[in-house]
Amino acid sequence: NRLLADVQDDLDFPKDLHKLHELCDVGEYEDYGSSWRIIGFQRGGPTTDIRGGGRLCIDNLIYFIQNAPRVSLHMMRERSHRDTPGKNYPWAAASISVTRLVAGYFGLIDELRGTAISRENLQYHCNYHMLLDENGLARLFCLAFVLLDHEYEVTNASYMEFPTVLKNTKTNFSAIVDQYDTIAAC
């Protein structure tokens, strides 16, 4: 289960951090420094933020940047360079919340405790088929992240309103995914 996987013992994790850093094109790689803040981590390095979502967060960000570079990198730059203080959000850190939102929708985590739930529960979810292919969760992450950014923009939210934006995104995401399932059944 990559959702809340401990990244400390993951031998591929440092390579993937390098890959993420390179894809974001924020200068020379550093383990700790200002480039990670440009990407949207809240501190000078990503590992403390990533604890909230495990390895899957990095996988989702890499997928998003590789498959929708124009959209994803624009989002990242907009959120790290907005002129009005308080009118941005930490892009990469927000991706952790989005990863958890999507995983919570499918019952892959216990949203109250934030712990992983057995994938066996997934087969009982009405939309589980959306996750059957290798990139299903990553594609749904991309959708949810774009919805979050759009909600943030249209409501002209501040950083302090992020929980409300996330809640509205969850509602919108659920409605879209549920509607898709209804349409697909026709």
Given Arg77, which of Asp25, Ile38, Val26 fulfils the side chain to side chain contact (heavy atoms under 4.5 Å, CB included) condition?
Asp25
Which of these, Ile65, Asp149, Val146, sits in a side chain to side chain contact (heavy atoms under 4.5 Å, CB included) with Val71?
Val146
How about Ser174 and Tyr105: do any of their side-chain heavy atoms sit closer than 4.5 Å?
yes
Among side-chain atoms of Tyr152 and Asn168, is any donor-acceptor pair under 3.5 angstrom?
no
Hey, would you say the Phe145 and Trp91 ring centroids sit under 6.0 Å apart?
yes
Tyr63 and Phe141: aromatic ring centres closer than 6.0 Å?
no
If hydrophobic clusters are built from ILVMFWY residues whose side chains come within less than 4.5 Å, do Ile58 and Tyr29 share one?
yes
May I ask you to say whether Lys167 pairs ionically with Glu151, meaning some side-chain N is under 4.0 Å from a carboxylate O?
no
Is there a donor in the side chain of Glu30 and an acceptor in the side chain of Ser35, or the other way round, less than 3.5 Å apart?
yes
Under a 3.5 Å threshold, yes or no: a donor from one side chain and an acceptor from the other, between Glu161 and Thr164?
no
Looking at every heavy atom in both Gln42 and Pro90, which two are closest together, and how far apart are they?
NE2-CG, 3.3 Å
Leu140: which of Leu101, Ile176, Asn60, Val102 passes side chain to side chain contact (heavy atoms under 4.5 Å, CB included)
Val102
Please name the pair of heavy atoms, one in Gly44 and one in Trp36, separated by the smallest distance, quoted to 0.1 Å.
O-CD1, 3.2 Å
Cluster overlap Tyr89 with Met160, hydrophobic side-chain contacts below 4.5 Å:
yes
Same cluster (ILVMFWY, side-chain, under 4.5 Å), Tyr159 and Val98
yes
